[in-house]
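A short worksheet on the structure shown next.
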Amino acid sequence: MLQINFIRDHKDLVLAGLNKRNFGPEAESLLTQVIELDDNRKLTQKSLDDLLAESNSLSKQIGILYKSGKQEEANLMKSTVAKNKEVANNLQEKMAGYRNSIEEILFKIPNHPKDAVPEGKGEEDNVVHREWPNPLPVLGEGAKPHWELAKDYDIFSLEIGTKLAGAGFPVFRKKGARLQRALINFFLDEAEKAGYEETVVPLLVNEATGRGTGNLPDKEGQMYFVEKDDLYLIPTAEVPITNIYRDDILDMKDFPIKMCGYTPCFRREAGSYGAHVRGLNRVHQFDKIEIVQISHPDKSHELHQEMLAHVSSLLDKLELPYRILTLCGGDLTFASALTYDFEVYSAAQKRWLEVSSVSNFETYQSNRMKLRFRGEDKKTHLAHTLNGSALALARIIACLIENNQTPQGIKIPAVLVPYTGFEYID
RNA sequence: GGAGAGUUGGCCGAGUGGUCGAAGGCGCACGCUUGGAAAGCGUGUAAACCUCUAAAGGGUUUCAAGGGUUCGAAUCCCUUACUCUCCGCCA
C-alpha cells in the first residue's frame, strides 16, 4: 500500500496517478478522507500519550509512597490513575477505529503508476514496448491448435484431469510430461546462471503472507482457500518468495537480492469461460518459474530492465516469436507501478498469448511487508520489490507445440533437446 | 493425535510485581593503542508512532500474539500460535 505520508505530501500526484488508472470519481474524496483520518489519529495519539505519561509517573510515585508508608496519599493518586485509565481506554478505541479506517482506505488505493505507464482504459490500450522484428510464422494447411495436437500425440489430457480434479487441471503424459520437466529444469538453470538463488517454498501460505504481497484482501476470490487450516494455495511463487524477507531490515550490501523458484500455481479463475480459455490457455493449475528481486530504490528501474532481458533471452533460446507490451494505466495490476507483459504468438490460434508479466512494485509491497533496509543515513527505508515469470509453462507448451508442428511431428527447440532427450514428439 | 517443557534485543542469555527497554556475553561500529594486524582498552549499538527540531531532545508502545488482574506486569491468570522432547502414526 501507499504510505500515508506520501499521499499527504503528494496528493495531486497521487490523484493524477489514480486518474491514469481510471480509478473513478471518488478518488479525490478518498484521499482527503484518509488524510483527515490520519490528522485525527495523530491528535488522538498525542492526547493518549500525554495521558499515559501522567499515569506512568503517578504509578511510580505511588510505589515510592507505599514504601515510605504514606498509604493515604497513595490511595488518592490511585483514583486519579483509575480515572485516567477509563479515558485512555476510550482513546485507545478511537485510535483503533482510525487505524482501521485508514487501512481500509489504503487497501483501496492502488500503487502509483510510474511515468512510463501509458494512458489507457484496458488491454486494447497497452503499448507495444518491443515488436517482434521478423515476420510472424505462418503454418501450412491443416495446422492444428494445441488441444488437437495433444490428442494426436497423447501428450496431455484435460478430460482425465476433469475426472481427477475438475475442469482446468491438465494431466501431462508421455513426452508431454517429459517436455514439462525439461522446461522447468531449463528455466531454473537459466535463472541460476543469471544469478538468481533457487528456493523451494511452501505451496500453501497463511494470511499474513497473502497480505504482504497484496493478494489479500484484494483477490481472495482468485485463491483456493483451505478453511480447516486457514491456508491459501499460492497463485504464484511471488507470494512466498517475496515474503521471505517480510518484517526484515536488510543491509544495503545485500542488495540486490535475487531469488527464483519453481512452483505449481493455483488459480480459481472464477468466471472465465469461452473460446479463449480452451486447452492450456487458462487452467487452474500450472507450473511456473518465478524470479524475484529486492533492491535499493535507486536501482529498481535498472533491475527491471535486466529482468526483461532475462525473459527475452529465454524466449529467444526457445525460438518463439514474442512481443513486449507496456501495460497502460487501465490494465496495470493493483500493486504494480510498472508492468511489462510478454506475449508469445500462437501461430495456430493466430493470436498473442501472455506468458510472462514483469513488474516493479517499488515500495507498495514492501510497505505492507515492512521490508526495509538501513540506508547510509543509518535510518530505515522501504526497499523495492520486483518479480516476473521466467516463465509460465502451460502457455509456453501451447505455443511451442503449435508453432513447431511439422509433418514429422513436433520439433523440440535445440536448446531443450539435452533436457528432453528427444528431438521430436511423434 | 496424546503428555510435558519452552518462546526475552542481530545472536546467546539473566531476570517471578515498581528503581527493567531490560544485567552479562558475543557480534557490529567508532576511537585509542600498533610499522601494520591481532590482542587489549574506551565509547556506542532495537523498532514503530507522536511531538519538537538545523541538529539534539522529549513522550508513548513493544520481552511470541491477543485478552485479563493491578495504581503499576517481561514477571501473575486466560486464550491462540509456534518451537523442542517423549509416545503414537507415517512418505
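Chain naming here is simple, since letters A, B, ... match the order of the sequence lines and numbering starts at 1 in each.
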**Item:** Face-on cation placement of A:Lys174 at A:Tyr153 ring, 6.0 Å and 45° thresholds
**Value:**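 No, a cation-pi geometry is absent between A:Lys174 and A:Tyr153.
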
Can you tell me the distance, in whole Å, between the [atom1] atom of [X] and the [atom2] atom of [N]?
| X | N | atom1 | atom2 | answer |
| --- | --- | --- | --- | --- |
| A:Lys253 | B:rA29 | NZ | C1' | 12 Å |
| A:Gln61 | B:rG18 | CD | C1' | 13 Å |
| A:Asp254 | B:rG10 | CG | P | 15 Å |
| A:Asp230 | B:rC82 | CG | P | 11 Å |
| A:Tyr98 | B:rC50 | OH | P | 15 Å |
| A:Glu207 | B:rC82 | CD | P | 15 Å |
| A:Gln92 | B:rG68 | CD | P | 10 Å |
| A:Lys60 | B:rA73 | NZ | C1' | 14 Å |

Whether [X] and [Y] hold their rings parallel, tilted or perpendicular, with breakpoints at 30° and 60°:
| X | Y | result |
| --- | --- | --- |
| A:Phe255 | A:Phe373 | perpendicular |
| A:Tyr419 | A:Phe186 | perpendicular |
| A:Tyr364 | A:Phe334 | perpendicular |

**Asked** So how far is it from A:Asn243 CG to A:Arg211 CZ, rounded to the nearest 0.5 Å?
**Response**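 The distance works out to 12.0 Å.
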
**Message:** For A:Glu54 and A:Leu43, find the nucleotide of RNA chain B closest to each by heavy atoms; which residue's nucleotide sits nearer the 5' end?
**Reply:**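 It is A:Leu43 whose nearest nucleotide is closer to the 5' end.
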
**Message:** Students often get this wrong, so: under 4.0 angstrom with heavy atoms, is A:Leu58 touching a base, only sugar-phosphate, or nothing?
**Reply:**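 If one applies the 4.0 Å heavy-atom cut-off, A:Leu58 turns out to touch nothing in the nucleic acid.
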
**Request:** Check every strand shown and say whether A:Ala53 touches a base, only sugar-phosphate, or nothing at a heavy-atom separation below 4.0 Å.
**Result:**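 A:Ala53: backbone/sugar contact only, no base atoms under 4.0 Å.
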
Protein-nucleotides 43-49 of chain B N/O pairs under 3.5 Å:
unit_1, atom_1, unit_2, atom_2, d
B:rA47, OP1, A:Arg374, NH1, 2.7
B:rA47, OP1, A:Arg374, NH2, 3.0
B:rA47, O3', A:Arg372, NH1, 3.3
B:rA48, OP1, A:Thr380, OG1, 2.5
B:rC49, O3', A:Arg41, NH2, 2.6
B:rC49, O2', A:Arg41, NH2, 3.3
B:rC49, O2', A:Gln45, OE1, 2.4

**Asked** To the side chain of A:Lys46, which of B:rG18, B:rU61, B:rC50 is closest?
**Response**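 Selected nucleotide (nearest to the side chain): B:rC50.
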
**Message:** Among B:rC71, B:rC50, B:rU60, which nucleotide has an atom closest to any side-chain atom of A:Ser59?
**Reply:**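 When the side chain of A:Ser59 is considered, B:rC71 is the closest of B:rC71, B:rC50, B:rU60.
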
**Request:** Please determine, by modelled atom types, if A:Thr209 and A:Asn206 share a side-chain donor-acceptor pair under 3.5 angstrom.
**Result:**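 Side-chain D/A pair, A:Thr209 to A:Asn206: present.
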
**Asked** Does one side chain, of A:Asp426 or A:Gln408, offer a donor that lies under 3.5 Å from an acceptor on the other?
**Response**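 A:Gln408 and A:Asp426 do not have a side-chain donor-acceptor pair below 3.5 Å.
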
**Message:** In whole Å, measure the gap between the C1' atoms of B:rC89 and B:rC12 for me.
**Reply:**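 Each nucleotide's C1' atom is 36 Å from the other's.
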
**Prompt:** What distance, rounded to whole Å, do you find between the two C1' atoms, one in B:rU83 and one in B:rA47?
**Reply:**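 My reading of the C1' atoms in B:rU83 and B:rA47 gives 24 Å.
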
**Request:** Tell me the stems RNA chain B sits in, counting at least three consecutive Watson-Crick or G-U wobble pairs, each under 3.5 Å on both distances.
**Result:**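 Counting only runs of 3 or more consecutive pairs, the stems involving RNA chain B are B:1-7 with B:81-87, B:10-12 with B:24-26, B:27-32 with B:40-45, B:46-51 with B:57-62, B:64-68 with B:76-80.
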
**Item:** Sequence-distant partners of A:Leu204, side-chain contact (heavy atoms from CB on, under 4.5 Å), two or more places apart
**Value:**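 Expected list: A:Val226, A:Leu231, A:Leu233.
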
**Under 3.5 Å: donor-acceptor pair, side chain of A:Arg21, backbone of A:Thr333** =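 At least one qualifying donor-acceptor pair exists.
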
**OP1 or OP2 of B:rU61 under 4.0 Å from side-chain N/O of A:Asn56** =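 Yes, such a contact exists.
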
**Message:** Any carboxylate oxygen within less than 4.0 angstrom of a Lys/Arg side-chain nitrogen, looking at A:Lys151 and A:Glu159?
**Reply:**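 Judged by the 4.0 Å cut-off on N to carboxylate O distance, A:Lys151 and A:Glu159 do form a salt bridge.
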
